Amino acid sequence: MVADRSYRSYTTYRPYTAILCPFLMTLTDLQQKLRDRIRSAARETFGVEVQQLSVEAPPRAELGDLAFPVSFELAKLIKQATGEKQNPRAIAERLKSQLEDIDEVSRVEIAGAGYINVFFDRARLLNLFAGPTRSVPKQLDQPKQMVEHTSINPNKAAHIGHVRNAVLGDTFVRILKAAGDRVEVQNYIDNTGVQVADVVVGFLHLEQMDLNQIKALDASLNKDYPFDYYCWDLYTRVGLFYRDGNAGGDMNPEKVKLRNDVLHALEEGGNEIAELADYVATRNVECIIDTMERLGIRYDLLARESDILHLHFWERAFQLMKDKGVIRYETAGRHAGCWVMPFESHTGTDEHESDKIIVRSNRTVTYTGKDIAYQLWKLGKLGLDFNYKVFRDYPDGHVLWVTKTEPGTERPQFGGGVTVYNVIDSRQSYPQEIVARGVAAVVPEIGEDASVHFSYEMVALSPAACEELGIELSDEDRSRPYIEMSGRKGLGVKADDLINQLEAGALTEVEKRNPDLSENDKKATAHEVAVAALRYFLLKFTRNTVIAFDFKEALSFEGETGPYCQYAAVRTNSIFRKLGNETVAAADALIEQVVSDGALQARVAEVLSGDSGTEIWSLLMLSQQLEEVIAQCRNSAEPANLAKYTFALARSFSRFYHDHRIITEEDEVRRGVLIAVTKVIRTQLTNALAILGINVPEQM
RNA sequence: GCACUCGUAGCUCAGUUGGAUAGAGCGUCUGACUUCGAAUCAGAAGGUCGCAGGUUCGAGCCCUGCCGGGUGCACCA
């Protein structure tokens, strides 16, 4: 029986870990050591320099712990350098002895057409992995990574698509932090846009309410139907209102004028409508932040568009763009009177078809223009700054700030990131590309790579999900693979509704399994399970996969789900709860002696050999890949890798748990090994889950 | 029309600079609870990796063409 090897991981060299704590070695360090040895051996033996040196996990545990396909690469290099043709297998044979000298390596085999397969000294590595772990160093002087996510229009409740954005962004933030990065999290608040204006039109012209009446309404709403839910419904009513009650009809120009009037009032600021809109937007932001808090998602700064306008960020950016010749004024053609950003790379049939308008002929700025200004600020290249005030203080000391226009004494350092990740759905990839190019044109030294569009596909509704929601579909919609959610049409699954449903489902399960828990503990546990289910569900898909939302799948706690992973971690905890401190201490002491006691080392090696031992060993090796999986997720900006890895680890542990009795094991050495392995898995699995934003309850 | 993206088991999806016998979950079928908690584990069935060429010692992955989904290409935000 062989443990799960399906999760295969490859390493990337990370210079910033190699310099730390030389006495605490991780699997990543060990791999690096082997690579260095191969590089120097290739240099000395064949006189060639290997550029990229990949490490693989062999497909089956019997083939070894690490595989280097370097001989194939070397054969090419040698041929290039000398013209001499060498057999990859022969090359591998000559490198073999160099690796066998290393302490942690027990033997090396050449396999297949020339793979160099390395087998580790299992007892020795168990000792290493079970020893003290290295914590991620916090380097405050490190360059800052900026991540913007969530950025929901503050005119309605968040739906499941918004949650995908927030969970992806938040998990990526956790990945960056786990990799040792300094990170600042922003949530952009478009409080002067059309969507807020629409809800304001609703309050003013449908509800005939003034600010005081809205406040009174807000105070009268209960938590089952809060302010953002009210706005959700009002927003869809406004959509119909514009179209004179016909959802598919055209906009009535007179009613559109109402929207434009509100919009102008918002942009101007300092009037009653703007004050009313500010209340509505701020209340929606509060509701959305509360929703995200339920999922463990937080921010450092809320950057408001109204402050970008009033602090004249755009005017500064406009000046910079003119100075650098990034935009030009068109005097003729169909863009006459506009400032445009020319694009030569596109080969449109029209001469200037692909030019992007930044300032319209009526002298207003496009969204892209404003975005370039904001992006310049994020990168510390605008030369202007916001003012700030505290938006919310959390009990644990975290502080959420919000921008403001009026000067203030408090002025923390925000912005000025070396890289900016914008978590925005893939439909925005064209405008995002223009922002990146515009910024790079203004500040050539930072280049386009400083602006990263962290794109993801939308969450859509499966036809089945629509039926469950009681949404009537047209024949055209029914033939589609999925139906896009629409805030304007009120078509979507509200985030809080789904979380409530998940919590209720989890509570039923918890009550079944742990009837003796207090009501509060049951609820708290159900909450953690619900968060695990939702976050994992949204993370297990890669970013460019459209999620066709399915209730059955999202509400499941079995199979490849968050609760499954949680459950495995809960089991590790319950083992230690039952073991007792002395037994654990004895196991620790035993494993610690392995390096100095030859007889003991042989016994431990014996436990880790054979089919059963190899399964245990494979689990241990898998657990040590967390560090490189984090690095890989950081480089690829793909949190799904971590989700898949975590599941593979939980799965592998579940099998181990099933195959071995840990507490009742009578053989002292064997028990020591099983306990040490369980302890290592508990640490790694709990850490991996924490990065996914999933907590491990005591029981579940 | 142009650009981007996807097409892998009945369904939903992984599959990393090309590398060893293409993997999970769900569903179906067969087993395992006098339990370190079955939200679990074991086993079986299930594949022309959209199609056709090409490059390579080697292609699910790279190149070309085609077919079929999706998204984006406004003086909207």
Side-chain angles (χ1 to χ4, degrees), chain A residues 1 4-10 12 51-52 54 56 58-60 63 67 69 72 75 88 111-115 153 190 192-195 197 263 334-338 340 346-349 353-354 357-362 364 366-368 370-371 425-431 433 455 457-458 460 462 480-482 484 506 509-510 512-514 529 533 540-542 544-548 550 552-553 556-561 563-564 566-568 570-571 574-579 632 635-636 638 640-641 643-644 647-648 651 654-655 657-665 674 678 699-700:
Chain A
M1 208 184 300
D4 182 24
R5 309 279 299 183
S6 66
Y7 189 87
R8 301 173 62 190
S9 177
Y10 303 78
T12 22
Q51 296 300 329
Q52 290 202 319
S54 58
E56 297 169 8
R60 296 185 304 282
L63 291 172
F72 307 110
Y115 285 93
N153 273 304
D190 184 1
T192 57
V194 172
Q195 297 212 24
L263 217 40
R334 60 195 185 116
H335 293 163
C338 298
V340 304
H346 290 271
T347 51
T349 44
E353 194 183 44
S354 55
I357 291 163
I358 303 296
V359 180
R360 304 180 191 103
S361 55
N362 67 2
T364 57
T366 60
Y367 190 81
T368 307
K370 284 187 258 184
D371 229 14
D425 77 78
S426 62
R427 286 173 294 192
Q428 301 281 342
S429 60
Y430 175 63
E433 190 189 332
S455 75
E457 275 289 352
M458 61 180 164
S462 65
R480 293 170 155 269
Y482 44 75
E484 190 179 342
E509 297 297 320
V510 172
K512 221 187 306 181
R513 291 154 220 262
N514 301 297
V529 172
K540 73 184 209 180
F541 300 93
T542 52
N544 54 7
T545 299
V546 177
I547 300 180
D550 181 79
K552 186 165 169 278
E553 222 186 314
S556 170
F557 300 146
E558 289 169 16
E560 192 193 340
T561 65
Y564 174 97
Q566 243 176 348
Y567 187 62
V570 166
R571 282 172 151 177
S574 60
I575 288 168
F576 283 99
R577 216 176 22 246
K578 291 184 180 170
L579 268 173
Q632 184 197 330
N635 294 336
S636 60
E638 182 52 88
N641 293 148
K644 294 282 175 190
F647 174 67
R651 192 168 167 277
S654 291
R655 186 184 299 195
Y657 176 88
H658 189 264
D659 290 346
H660 306 280
R661 303 283 107 171
I662 297 160
I663 295 173
T664 53
E665 174 59 49
L674 295 176
T678 306
Q699 301 93 355
M700 64 181 275

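To find a chain, count down the sequence lines: A is the first, B the second, and so on, and within it residues start at 1. Everything numeric here is computed off the predicted structure, so don't read it as measured data.
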Separation of Tyr115(A) atom OH from G19(B) atom C1', in whole Å?
-> 3 Å
With Asp425(A), which residues qualify under salt bridge (charged side-chain N to carboxylate O under 4.0 Å, His left out), at least two apart?
-> Arg427(A)
Could you work out the separation of G27(B) and A22(B) based on their P atoms and round it to a whole Å?
-> 26 Å
Glu638(A) CD to Asn544(A) CG distance, which is reported to the nearest 0.5 Å = 7.0 Å
Here the pair of heavy atoms bringing Tyr115(A) nearest to Ala67(A) is CD2-CB, 4.4 Å
Think Tyr657(A) has a side-chain N or O under 4.0 angstrom from the OP1 or OP2 of G37(B)?
-> yes
Residue set satisfying ring pair (Phe, Tyr, Trp, His ring centres under 6.0 Å) with Phe576(A), at least two apart, ordered chain then number -> none
Listed pairs, N/O of protein and of nucleotides 4-6 of chain B, under 3.5 Å:
from: C6(B); atom 1: OP1; to: Asn544(A); atom 2: ND2; distance (Å): 3.2

Once you round it to whole Å, what is the distance between P of G19(B) and CZ of Phe72(A)?
-> 11 Å
Assign each of Ile547(A) and Leu63(A) the nucleotide of RNA chain B bearing its closest heavy atom; nearer the 5' end lies the nucleotide of Ile547(A)
Could you work out which one of A20(B), G15(B), U40(B) sits closest to the side chain of Thr542(A)?
-> G15(B)
Base, sugar-phosphate alone, or nothing: which one does Val510(A) contact when heavy atoms must sit under 4.0 Å apart?
-> base
Just call it for Ala67(A): base, sugar-phosphate, or nothing, with non-hydrogen atoms closer than 4.0 Å on any strand.
-> base
Hey, can you tell me if Tyr564(A) and Phe647(A) have their rings parallel, tilted or perpendicular (30° and 60° cut-offs)?
-> tilted
Listed pairs, N/O of protein and of nucleotides 75-77 of chain B, under 3.5 Å:
from: C75(B); atom 1: O3'; to: Arg360(A); atom 2: NE; distance (Å): 3.1
from: C75(B); atom 1: O2; to: Ser361(A); atom 2: N; distance (Å): 3.0
from: C75(B); atom 1: O2; to: Ser361(A); atom 2: OG; distance (Å): 2.9
from: C75(B); atom 1: N3; to: Ser361(A); atom 2: OG; distance (Å): 2.6
from: C75(B); atom 1: N4; to: Arg334(A); atom 2: O; distance (Å): 3.3
from: C76(B); atom 1: OP2; to: Arg360(A); atom 2: NE; distance (Å): 3.0
from: A77(B); atom 1: OP1; to: Arg360(A); atom 2: NH1; distance (Å): 3.3
from: A77(B); atom 1: OP1; to: Arg360(A); atom 2: NH2; distance (Å): 2.5
from: A77(B); atom 1: OP2; to: Arg360(A); atom 2: NH2; distance (Å): 2.2

Quick one: list whatever passes side-chain hydrogen bond (donor to acceptor under 3.5 Å, both in side chains) with Arg480(A), sequence neighbours left out.
-> none
Minimum heavy-atom separation for Val529(A) to Gln566(A), with atom names?
-> CA-OE1, 3.5 Å
Would you classify Asn514(A) as touching base, sugar-phosphate or nothing, given that sugar-phosphate means primed atoms plus P, OP1 and OP2, and contacts are heavy atoms under 4.0 Å?
-> base
When we call it a touch if two heavy atoms are under 4.0 Å apart, what does Thr545(A) touch: a base, just sugar-phosphate, or nothing?
-> sugar-phosphate
Rounded to whole Å, CZ of Phe647(A) lies from C1' of A14(B) at a distance of 11 Å
Measure the distance from CD on Glu553(A) to P on A39(B) and round it to the nearest whole Å.
-> 21 Å
Distance below 4.0 Å between Arg651(A) side-chain N/O and G25(B) OP1 or OP2 = yes
Could you tell me which non-hydrogen atom of Ala640(A) sits nearest to which non-hydrogen atom of Lys540(A), and how far apart they are?
-> CB-O, 4.2 Å
Taking atom C1' in both G50(B) and U56(B), what distance in whole Å separates the two?
-> 23 Å
Residues at least two apart in sequence or cross-chain that pass side-chain hydrogen bond (donor to acceptor under 3.5 Å, both in side chains) with Ser426(A), listed by chain then number, are Glu457(A)
Atom OH of Tyr564(A) and atom P of G37(B) are separated, to the nearest Å, by 16 Å
Pair Glu560(A) + Lys644(A): basic N to acidic O under 4.0 Å = yes
Rounded distance in Å between the C1' positions of U30(B) and U34(B) | 24 Å
Sequence neighbours excluded, the answer for side-chain hydrogen bond (donor to acceptor under 3.5 Å, both in side chains) partners of Thr364(A) is Arg360(A), Asn362(A)
Under-4.0 Å side-chain N/O to phosphate OP1/OP2 contact, Arg655(A) with A42(B) | yes
Pick the P atom in G31(B) and in G68(B), then give their distance to the nearest Å.
-> 47 Å
Residues that Glu509(A) engages under salt bridge (charged side-chain N to carboxylate O under 4.0 Å, His left out), provided they are two or more places apart | Lys512(A), Arg513(A)
On RNA chain B, nearest-nucleotide positions of Val546(A) versus Pro563(A): which is more 5'?
-> Val546(A)
Below 3.5 Å between N/O atoms, which protein atoms pair up with nucleotides 26-34 of chain B? Just atom names and distances, please.
none

State which residues pass side-chain hydrogen bond (donor to acceptor under 3.5 Å, both in side chains) with Glu553(A); sequence neighbours excluded, sorted by chain then number.
-> none
Contact summary for Leu674(A) and Thr678(A), nearest pair of heavy atoms = O-OG1, 2.7 Å
Spacing between Phe541(A) atom CZ and U12(B) atom C1', to the nearest angstrom = 6 Å
With sequence neighbours excluded, tell me which residues meet ring pair (Phe, Tyr, Trp, His ring centres under 6.0 Å) with Phe541(A).
-> Phe537(A)
Reckon Tyr482(A) touches a base, only the sugar-phosphate, or nothing at all at heavy-atom distances under 4.0 Å?
-> sugar-phosphate
With heavy atoms under 4.0 Å as the rule, sort Arg513(A) into base, sugar-phosphate or nothing.
-> base
Say you pick atom P in G46(B) and the same atom in C62(B); how far apart are they, in whole Å?
-> 30 Å
Which whole-number value in Å describes the distance from Met458(A) CE to G72(B) C1'?
-> 11 Å
Find the runs of at least 3 consecutive base pairs, i with j, i+1 with j-1 and so on, that include RNA chain B, using Watson-Crick or G-U wobble geometry with both distances under 3.5 Å.
-> B:1-7 with B:67-73, B:10-13 with B:23-26, B:28-32 with B:40-44, B:50-54 with B:62-66
Taking atom C1' in both G15(B) and U8(B), what distance in whole Å separates the two?
-> 9 Å
Length of the CZ-C1' vector between Arg571(A) and G37(B), whole Å | 7 Å
Determine the Euclidean distance between corresponding P atoms of A14(B) and G7(B); express it in Å to zero decimal places.
-> 8 Å
Residues Thr561(A) and Ser556(A): closest non-hydrogen pair is CG2-O, 3.5 Å
